[in-house]
Amino acid sequence: MSEILLMKGNEAIAEAALRAGCQGYFGYPITPQSEVLEYLSQHGEKRGMVVLQAESEIASINMIYGAAGAGARVMTSSSSPGISLMQEGLSYIACAELPCVVVNINRGGPGLGTIQPSQGDYFQAVKGGGHGDYKLLVLAPATVQEMADLVFDGFDLADKYRNPVMILADGALGQMMEKVAFREYDVTKREIPKWATTGKNGRKERNIITSLHIKSEEMEKVNQHLQKKYCEMQEHEVRFQEVQTEDAEYLLVAYGLSARIAHKSVQIARDNGIKAGLLRPITLFPFPSNRIHTLCKQVRAVLTVEMNAGQMYEDVRLAANGVVPVEFYGRMGGIIPSPEEVYERLKRMVSPESVSQEVKI
Amino acid sequence: MSEILLMKGNEAIAEAALRAGCQGYFGYPITPQSEVLEYLSQHGEKRGMVVLQAESEIASINMIYGAAGAGARVMTSSSSPGISLMQEGLSYIACAELPCVVVNINRGGPGLGTIQPSQGDYFQAVKGGGHGDYKLLVLAPATVQEMADLVFDGFDLADKYRNPVMILADGALGQMMEKVAFREYDVTKREIPKWATTGKNGRKERNIITSLHIKSEEMEKVNQHLQKKYCEMQEHEVRFQEVQTEDAEYLLVAYGLSARIAHKSVQIARDNGIKAGLLRPITLFPFPSNRIHTLCKQVRAVLTVEMNAGQMYEDVRLAANGVVPVEFYGRMGGIIPSPEEVYERLKRMVSPESVSQEVKI
Amino acid sequence: MNATAELDIQFKDLDVVYERPDTLTDARLHYCPGCGHGVVHRLLMEVVEELNIKDRTIGVAPVGCSVFAYNYLDIDMQEAAHGRASAAATGIKRVFPDKIVFSYQGDGDLAAIGTAETIHTANRGEKILVVFINNAIYGMTGGQMAPTTLDNMKTSTSPFGRNPDHVGHPLKITELLAMLPGTYYVTRVAVNSPRNVRIAKKALLKSFEYQMQGKGLCFVEVVSNCPSGWKMTPVESNKWLEENMLPMFPLGDIKVPSDE
Amino acid sequence: MNATAELDIQFKDLDVVYERPDTLTDARLHYCPGCGHGVVHRLLMEVVEELNIKDRTIGVAPVGCSVFAYNYLDIDMQEAAHGRASAAATGIKRVFPDKIVFSYQGDGDLAAIGTAETIHTANRGEKILVVFINNAIYGMTGGQMAPTTLDNMKTSTSPFGRNPDHVGHPLKITELLAMLPGTYYVTRVAVNSPRNVRIAKKALLKSFEYQMQGKGLCFVEVVSNCPSGWKMTPVESNKWLEENMLPMFPLGDIKVPSDE
Amino acid sequence: MTKKILNEENIFAGFGGQGVLSMGMMLAYAGMIENKEVCWMPSYGPEMRGGTANCIVIVSDEQISSPIVTKFDSAIVLNQPSLDKFESAVKPDGLLLYDSTNIINPPTREDIMIVPIAASAEAMKMENTRIMNMIVLGGLLGVRPIVQIETVIEALRKVLPERHHKLIPLNEKALRRGMELAGSAAVVTAG
Amino acid sequence: MTKKILNEENIFAGFGGQGVLSMGMMLAYAGMIENKEVCWMPSYGPEMRGGTANCIVIVSDEQISSPIVTKFDSAIVLNQPSLDKFESAVKPDGLLLYDSTNIINPPTREDIMIVPIAASAEAMKMENTRIMNMIVLGGLLGVRPIVQIETVIEALRKVLPERHHKLIPLNEKALRRGMELAGSAAVVTAG
Amino acid sequence: MAIKGAVQVEIETCKGCELCIEACPQDTLALSKDINKSGYHYAVQIHDNCTGCTNCALVCPEAIITVYRQSKKKKGEREEVARISNVRNNVSISINDNDN
Amino acid sequence: MAIKGAVQVEIETCKGCELCIEACPQDTLALSKDINKSGYHYAVQIHDNCTGCTNCALVCPEAIITVYRQSKKKKGEREEVARISNVRNNVSISINDNDN
Ligand SMILES: Cc1ncc(C[n+]2csc(CCOP(=O)(O)OP(=O)(O)O)c2C)c(N)n1
Ligand SMILES: Cc1ncc(C[n+]2csc(CCOP(=O)(O)OP(=O)(O)O)c2C)c(N)n1
Ligand code: SF4
Ligand code: SF4
Ligand code: SF4
Ligand code: SF4
Ligand code: SF4
Ligand code: SF4
Ligand SMILES: [Mg+2]
Ligand SMILES: [Mg+2]
């Protein structure tokens with residue numbers, strides 16, 4: 001670990017990309033993540049990274065396609081509306097199996113909405129906002145330190161699976177400053193992949209990057225291959241953090257900033273004699289369904305906390321599969337819930353007379 | 001009902017739009033739905049509809065935004081990659097609460113994929129491929145007759161809820177010909193909505209179409225309003241069709257073309273002594289969760305059949321909520337499953353030794 | 001030097017020769033001090049008022065600093081997605097050709113992300129007015145490089161100055177548009193001096209008049225300032241505009257109606 | 001009239017003066033009979049072979065009839081999203097500036113949906129070659145109107161002929177691009193006659209040479225045919241091209257290097 | 001062979017340009033006129049000209065559930081690749097009707113009815129290669145009277161634009177000629 | 001009042017341009033140098049200049065869970081709207097420190113410690129309005145010694161680019177002056 | 001001497017950008033030393049040499065300058081001036097000539 | 001007279017587009033009456049007046065025409081011609097002059 005620095009989350013992402021040997025960054029300004037492009041415009045070129053402000057998010061993601069397809073380690077970043085514009089490109093990249101990191105510093109939607117922090121893009125990131133059956137590997141940092149760490153991991157996972165990796169964090173994580181230390185990372189280890197279109201360069205067979213398989217039989221094979229890969233991710237890459245779950249009677253599930261708030265709510269609850277615990281998914285896809293299912297058998301009820309109208313909530317319910325009531329607390333439009341209000345909601349769930357029977361269907 | 005015609009599904013959509021008093025169509029060619037634009041280019045202008053080939057799907061959806069915002073009844077259509085490009089626009093339209101009909105004639109993805117039929121865009125349509133919490137009202141026709149009928153209903157629902165309506169059908173439904181009769185529809189009934197930007201025209205307050213609410217408190221209110229609307233849809237607009245479910249011991253759930261195949265599989269199953277039934281959701285959002293939940297209590301197992309890797313499957317599992325095993329059979333990449341293979345899969349589920357215990361999580 | 005003055009003017013002996021147009025709402029502009037957006041807003045509304053078309057004019061605001069334009073212009077308005085204002089305006093005008101429609105867009109909006117929509121709206125000859133506020137920067141997002149940022153100009157994403165070897169020279173999209181047969185009237189104005197404001201107003205007036213006559217697309221580029229983005233006082237910014245922007249973006253008509 | 005002829009030619013006494021370049025794969029082209037795409041493919045590969053850059057050339061195919069170009073060109077290739085080939089090519093060239101990169105795009109791809117990418121790739125002066133196949137129609141999707149469709153020309157989406165009052169006149173994007181300082185060499189060629197094929201090849205050759213010298217963007221428009229979309233025989237289509245396309249899209253260099 | 005309740009599942013296959021799709025469409029159209037349930041499902045190929053084309057046409061007295069079927073009552077094939085592909089997809093006792101002019105390797109199954117028609121040659125004789133498909137359709141209707149020839153002609157009248165109505169007599173002739181040919185065809189196998 | 005385990009949750013608020021965000025940042029930076037856990041969270045406004053700005057700064061001996069808090073140990077406010085907004089958000093026994101030059105309606109709570117500092121006036125006196133925020137920060141540290149003044153100066157040295165290091169003595173003076181002012185301030189209420 | 005022209009500035013809305021001051025050929029205007037509620041020094045008329053040329057109003061981005069000119073109509077024909085509310089009228093104003 | 005030039009067409013790949021025929025200044029080429037496996041009438045050399053000008057090959061979209069010309073080298077210096085497989089060589093060809 002190197003020196004400890006105080007940095008914005010967005011800057012930590014940019015600096016981590018530089019240290020992870022990212023060769024190209026293509027992006028378009030949008031609040032609350034423009035610092036990534038700005039930081040790299042300042043520091044990228046002299047440290048050997050190609051940094052280009054594209055004319056749009058669509059151009060950005062397709063530059064990523066080209067550069068990743070040619071074997072370079074590349075990254076782009078944007079925020080909600082800009083990420084929506086990338087959906088076609090992401091679907092292409094997923095199908096062509098190109099490794100890259102795409103950062104979404106989520107703001108409040110839908111529409112132009114607000115620039116305040118939100119987790120409203122969970123579905124888009126996890127279920128696939130683009131067309132067809134594909135998955136991004138989605139990482140959800142909760143601290144500025146993780147903003148940096150998951151960039152390194154993201155690039156490695158992208159290479160390992162030939163899959164786009166999304167880092168999904170809300171605007172507050174992008175804007176806030178915390179301590180961060182960057183890991184030592186040997187950038188020379190990464191080689192240009194064999195499948196990349198680098199020019200034939202003596203190779204007998206040419207390399208082709210495409211997502212077109214006009215014959216259904218072939219396209220189905222491509223899909224089966226992708227699905228197999230996603231199953232492997234599900235098997236090997238699930239990451240989560242648990243807080244006081246050993247003896248928990250009530251389980252909170254939350255990711256990113258919400259998880260930090262829920263963490264404090266757990267502390268408040270424990271202070272008030274309620275045995276609460278927290279599971280924080282770090283990978284949103286693959287989702288820690290098995291672990292949540294196991295915990296569901298132990299607890300009396302589950303509360304999902306998100307800065308949206310209830311998106312991860314569905315994955316938690318799928319994991320619970322009916323063994324325990326799963327409830328939801330969320331704020332929208334850029335509002336961050338306070339630990340106290342989450343605790344209040346938890347209390348309502350705990351006191352049996354007020355436990356909501358409604359299952360949001 | 002008027003005269004019976006033989007028409008392609010795509011043409012039926014176009015003709016229905018004309019008869020439903022659609023005032024503007026903006027679209028960009030893409031297989032397998034270019035017939036919609038072509039049919040309207042032929043017939044639209046002389047029947048008083050504005051028909052414009054836009055420079056892209058992004059332009060199309062934003063022309064829709066403008067025209068719908070000005071109070072016109074409007075429609076666009078595309079297929080999977082083109083719909084991906086519309087995700088930002090759809091999120092804007094949903095937030096600004098503009099009524100319009102958007103047709104997705106789903107082809108096989110991800111990426112450029114294939115032009116063969118698919119149901120791989122279910123998640124995108126139903127969970128929200130764009131950013132933020134919003135819902136399209138999603139209608140899934142299964143016959144050419146329904147391709148027409150749901151256009152009329154789609155426009156009415158769009159107006160009723162001030163919400164974009166998506167008609168989601170696979171490429172085969174767009175390309176196949178069946179009989180169709182167009183309902184009588186009084187186009188004069190529709191008035192230009194009061195909120196539309198028609199020019200102030202004597203009004204004291206100006207009308208504004210926007211999705212921007214920079215203050216979180218306001219944006220949260222907008223979100224709450226939207227969520228309330230979606231609950232109302234859930235309450236009032238759920239539509240589905242049932243086939244031989246009264247005494248069913250095994251329930252198939254499928255929509256669109258898959259449902260017709262599953263229908264035949266049910267017939268085969270019944271012929272072979274298996275009491276199978278089918279539930280076909282017509283509205284994908286709002287989803288017939290309650291009805292499926294009820295049926296789940298009656299049957300021994302549920303089989304979801306889709307032309308994808310298992311998307312609606314999640315909604316069926318959420319509806320089942322663990323009361324009965326839910327399994328999945330799907331084909332991908334443009335392949336349409338045959339009634340026989342679905343029946344074979346059903347048989348595997350019925351014969352207990354082979355019932356798969358795996359729950360896809 | 002501080003001075004104190006007392007003026008006691010008898011306003012009732014005087015006639016009003018200039019006042020805020022009624023077509024502007026009472027809302028306080030959110031723009032930075034000295035920002036040109038406010039002047040253009042006012043001019044637009046003066047023209048709308050003078051032509052008496054307030055009741056059938058529909059404006060489309062962009063995403064950019066003027067995203068809130070609808071708060072100030074007392075007419076029906078839409079707020080379009082970033083870069084798509086001209087597409088939205090096309091949608092409106094096509095279904096309701098009797099309305100007077102304009103879009104109002106910044107250089108990022110119109111000449112970066114919205115380039116395709118801009119070019120094709122112009123090429124189709126949509127019968128609308130496009131007002132293009134060129135301040136050579138992304139004002140709203142905090143001063144990033146725009147397609148029209150001048151060579152060597154420093155912005156937050158060109159911290160060492162725009163390097164034309166790296167990102168090319170400023171895009172003179174107005175000149176491109178003038179080449180398209182679909183454009184009817186293309187002009188470049190500024191609002192940095194009383195004289196230029198008068199000319200700018202005339203350009204807007206003409207454009208609306210052409211639209212009322214059913215002519216093709218009118219395109220008015222307004223070379224404007226961004227004191228905040230440029231990190232200057234408003235007065236400095238207008239001077240800098242004169243000395244740096246105008247040589248690159250010379251004022252004047254670029255295309256005048258051929259049928260007049 | 002049917003004739004029968006018997007020719008017995010002793011090939012071993014002869015030298016080969018023209019043969020299929022090795023840089024084309026053995027795959028049979030999927031194009032319709034007489035389609036110009038095939039000719040341009042061959043010319044590109046002849047030039048790549050002659051310049052001996054096969055090992056470091058990367059091509060980007062569009063979405064359009066030439067979507068499968070990678071099946072025929074025996075070099076490393078990418079297939080980009082509709083309209084984004086030049087953005088993908090930019091990505092490649094930026095991270096690996098020593099490679100020779102070209103995109104190959106149709107008129108729908110390059111001049112409709114991809115307009116923004118085209119303009120900005122050119123304006124930035126990306127050091128790539130853009131080959132633009134202008135056949136005035138959307139071939140792949142079955143003959144819809146393109147931005148370059150001629151006035152009054154019938155297509156499946158302009159069944160009564162392209163109406164310029166409704167959708168504007170053909171977009172001469174090549175002329176626009178030539179105005180941008182970022183473009184280094186801009187030319188328009190055709191492949192409808194042996195003579196034009198020779199000129200086209202020269203243009204491609206020059207473009208690759210310029211790229212090898214590190215010069216800016218080269219843009220070669222190829223006015224081409226679409227017998228299927230135009231509903232003509234190949235021979236008719238080439239004649240129609242000559243008589244109708246070329247007056248609108250005149251051949252020749254539009255911008256030649258200023259530093260040569 | 002004729003069921004009480006009609007439910008005919010046919011596949012028409014050949015080169016693009018041979019009129020395979022419109023032949024199927026005419027059958028569907030005629031079925032509709034005769035108040036039957038119909039479904040015409042093309043297999044649409046890549047976004048390009050040429051290649052093979054086929055369509056499934058179902059004509060039924062009952063509501064049609066699945067428009068996709070894998071086994072057919074009749075396969076009508078106009079070129080070798082289509083024959084090779086669909087011979088095995090004919091139901092036992094089903095019909096395989098093909099244009100013998102274009103097919104070098106004839107079918108070999110013995111459990112189905114096989115009817116060769118020299119439709120292309122016949123069309124040449126009739127000096128209009130475009131009507132080949134109508135000869136074939138006539139042939140089909142000769143063997144399997146799914147709809148009346150008269151209905152097909154009525155359908156043609158509705159489908160063709162006025163200016164092409166002068167072609168109807170020729171089409172009728174082709175249909176009837178096909179019927180004759182099928183009647184007299186050397187039925188290779190009748191399972 | 002000083003807990004054994006330090007966990008200070010502060011809010012800094014004022015007009016954009018008053019140096020509210022950088023004041024908070026210097027505190028966070030100094031906390032980091034003193035090996036504490038720190039978190040600086042701005043409330044970033046619309047994508048535009050002007051308006052109000054504020055940031056939450058947490059300095060703690062323990063890992064910081066929620067960076068969002070609704071009740072503060074200290075609120076440092078530089079204009080009237082901020083005072084109006086955050087007075088009620090101070091924890092009982094907490095601190096409200098404000099620039100009395102800019103505030104017309106002083107706070108009224110009686111259960112908290114209220115410290116007015118005429119920071120703007122003082123900055124004018126020191127002939128550099130830019131250092132107003134450092135006076136305020138000095139004031140805060142005078143009342144709540146979250147970090148050492150020396151550490152803040154060390155932080156300044158690290159944060160400021162070399163060419164601005166000549167300003168460090170002035171900043172130090174401002175910090176110390178603030179501390180003095182706070183010490184002698186008419187503490188309106190000490191609950 | 002009867003004045004030729006005069007201006008009124010909506011003080012609370014003024015952002016002190018000084019563009020009007022710069023634009024005035026008569027140097028009639030200056031920034032106040034006081035600040036308004038938004039914290040801006042605002043523009044005020046400090047000399048009675050205004051010609052009513054409207055230059056200041058033309059460049060004012062806030063559209064808050066009303067310009068008056070000596071009436072050419074005779075007394076009695078004149079309408080009463082309407083829009084003078086919302087400005088602090090005829091007050092003693094401290095002028096701040098410093099740039100800031 | 002020794003011929004000056006000659007062409008070979010890959011018959012199975014030819015799509016019968018006739019562009020080569022149209023391009024030949026010598027009228028050396030014509031479409032066959034036979035069709036190839038893809039169903040196309042293919043181009044063949046029907047006269048021995050070919051000059052080896054390569055026009056036909058230049059316009060052929062399928063890149064399937066090989067053009068030969070009388071060697072300027074003396075016998076013995078010449079290399080053996082390679083690419084003559086994959087074409088039906090020296091067969092008796094029926095020519096179909098009809099457009100279709
Ligand atoms: C799809 C999308 N991308 C990016 C943004 C962020 N954004 C908002 S305004 C803007 C640019 C503003 O610049 P300009 O159009 O020049 O207007 P100005 O603020 O200078 O008037 C950008 C990039 C956005 N809101 N949406
Ligand atoms: C996003 C998207 N929109 C539309 C399409 C459908 N599409 C495929 S090719 C094409 C246009 C082809 O025309 P052109 O670029 O001129 O190439 P040509 O086929 O004429 O060579 C279109 C619209 C698509 N594949 N993706
Ligand atoms: S940032 Fe620039 S363009 Fe935006 S309001 Fe401020 S001065 Fe005007
Ligand atoms: S459709 Fe047109 S462009 Fe496409 S291959 Fe056929 S002739 Fe060529
Ligand atoms: S009206 Fe003219 S003279 Fe009077 S203050 Fe304004 S600019 Fe100066
Ligand atoms: S121009 Fe307007 S806002 Fe600026 S100082 Fe003058 S009156 Fe105030
Ligand atoms: S080489 Fe020249 S002369 Fe010989 S066939 Fe070809 S075009 Fe004719
Ligand atoms: S040009 Fe080529 S494909 Fe066309 S007919 Fe001649 S040899 Fe055949
Ligand atoms: Mg700008
Ligand atoms: Mg084309």
Side-chain angles (χ1 to χ4, degrees), chain A residues 8 10-11 14 24-63 76-89 105 107 109-115 171 174-175, chain C residues 60-71 77-85 87-88 106-119 137-149 153-168 170-171 173 229:
Chain A
K8 278 195 177 191
N10 285 334
E11 293 167 347
Y25 173 91
F26 303 90
Y28 187 76
I30 185 169
T31 310
Q33 67 77 51
S34 299
E35 291 88 354
V36 180
L37 171 59
E38 290 171 347
Y39 188 96
L40 292 174
S41 300
Q42 180 77 40
H43 301 285
E45 208 177 319
K46 53 189 173 210
R47 287 164 68 183
M49 189 200 280
V50 170
V51 181
L52 186 62
Q53 178 174 334
E55 64 271 28
S56 70
E57 292 87 355
I58 292 188
S60 307
I61 195 70
N62 287 286
M63 289 172 184
T76 185
S77 63
S78 186
S79 179
S80 311
I83 298 288
S84 287
L85 286 172
M86 295 185 184
Q87 292 306 319
E88 188 205 23
I105 304 297
R107 59 191 241 182
L112 188 48
T114 168
I115 55 170
Q175 293 298 322
Chain C
V60 183
V63 180
C65 278
S66 48
V67 69
F68 288 114
Y70 56 74
N71 282 338
M77 286 204 69
Q78 298 193 5
E79 203 300 300
H82 190 35
R84 324 300 176 192
D107 40 10
D109 193 86
L110 180 139
I113 192 169
T115 306
E117 288 75 15
T118 305
I119 300 258
I137 208 157
Y138 287 14
M140 184 177 225
T141 42
Q144 294 83 7
M145 183 177 61
T148 52
T149 293
M153 181 173 164
K154 282 185 187 163
T155 69
S156 69
T157 54
S158 60
F160 313 108
R162 179 185 184 132
N163 180 352
D165 291 342
H166 182 61
V167 293
L171 179 65
I173 196 160

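Chain letters run A, B, ... following the sequence lines, proteins first and then strands; every chain starts at 1.
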### Message
Are there residues of residues 159-167 of chain C whose heavy atoms fall under 4.5 Å of chain A's heavy atoms? If so, which?
### Response
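Contacts with chain A: Pro159(C), Phe160(C), His166(C), Val167(C).
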### Task
Enumerate by number any residue of residues 109-116 of chain C whose heavy atoms lie under 4.5 Å from heavy atoms of chain A; in the absence of such residues, state 'none'.
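Under the 4.5 Å heavy-atom cut-off, Ala112(C), Ile113(C) qualify.
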#### Entry: Proximal component of Gln53(A), with respect to chain C [non-hydrogen, under 4.5 Å]
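The answer is the side chain of Gln53(A).
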#### Entry: Tyr39(A) versus chain C, the contacting section by heavy-atom distance below 4.5 Å
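Neither; nothing under 4.5 Å.
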### Message
Show me the pairs that pass salt bridge (charged side-chain N to carboxylate O under 4.0 Å, His left out) and involve residues 45-58 of chain A, at least two apart or across chains.
### Response
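Listed once each, the pairs are Glu15(A)-Arg47(A), Glu55(A)-Arg124(D).
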#### Entry: Gap between atom OG of Ser41(A) and atom CD of Gln144(C) - 0.5 Å precision
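Reported to 0.5 Å precision, the distance equals 9.0 Å.
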### Task
Working to the nearest 0.5 Å, report the span between NE2 of His82(C) and CG of Leu85(A).
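One finds 9.5 Å between NE2 of His82(C) and CG of Leu85(A).
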### Query
Sequence neighbours excluded, which residues qualify as side chain to side chain contact (heavy atoms under 4.5 Å, CB included) partners of Thr114(A)?
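So Thr114(A) forms a side chain to side chain contact (heavy atoms under 4.5 Å, CB included) with Gln116(A), Ser216(B), Met219(B).
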### Ser156(C) and its side chain to side chain donor-acceptor pair (under 3.5 Å) partner, picked from Glu35(A), Glu38(A), Gln42(A)
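Result for side chain to side chain donor-acceptor pair (under 3.5 Å) with Ser156(C): Glu38(A).
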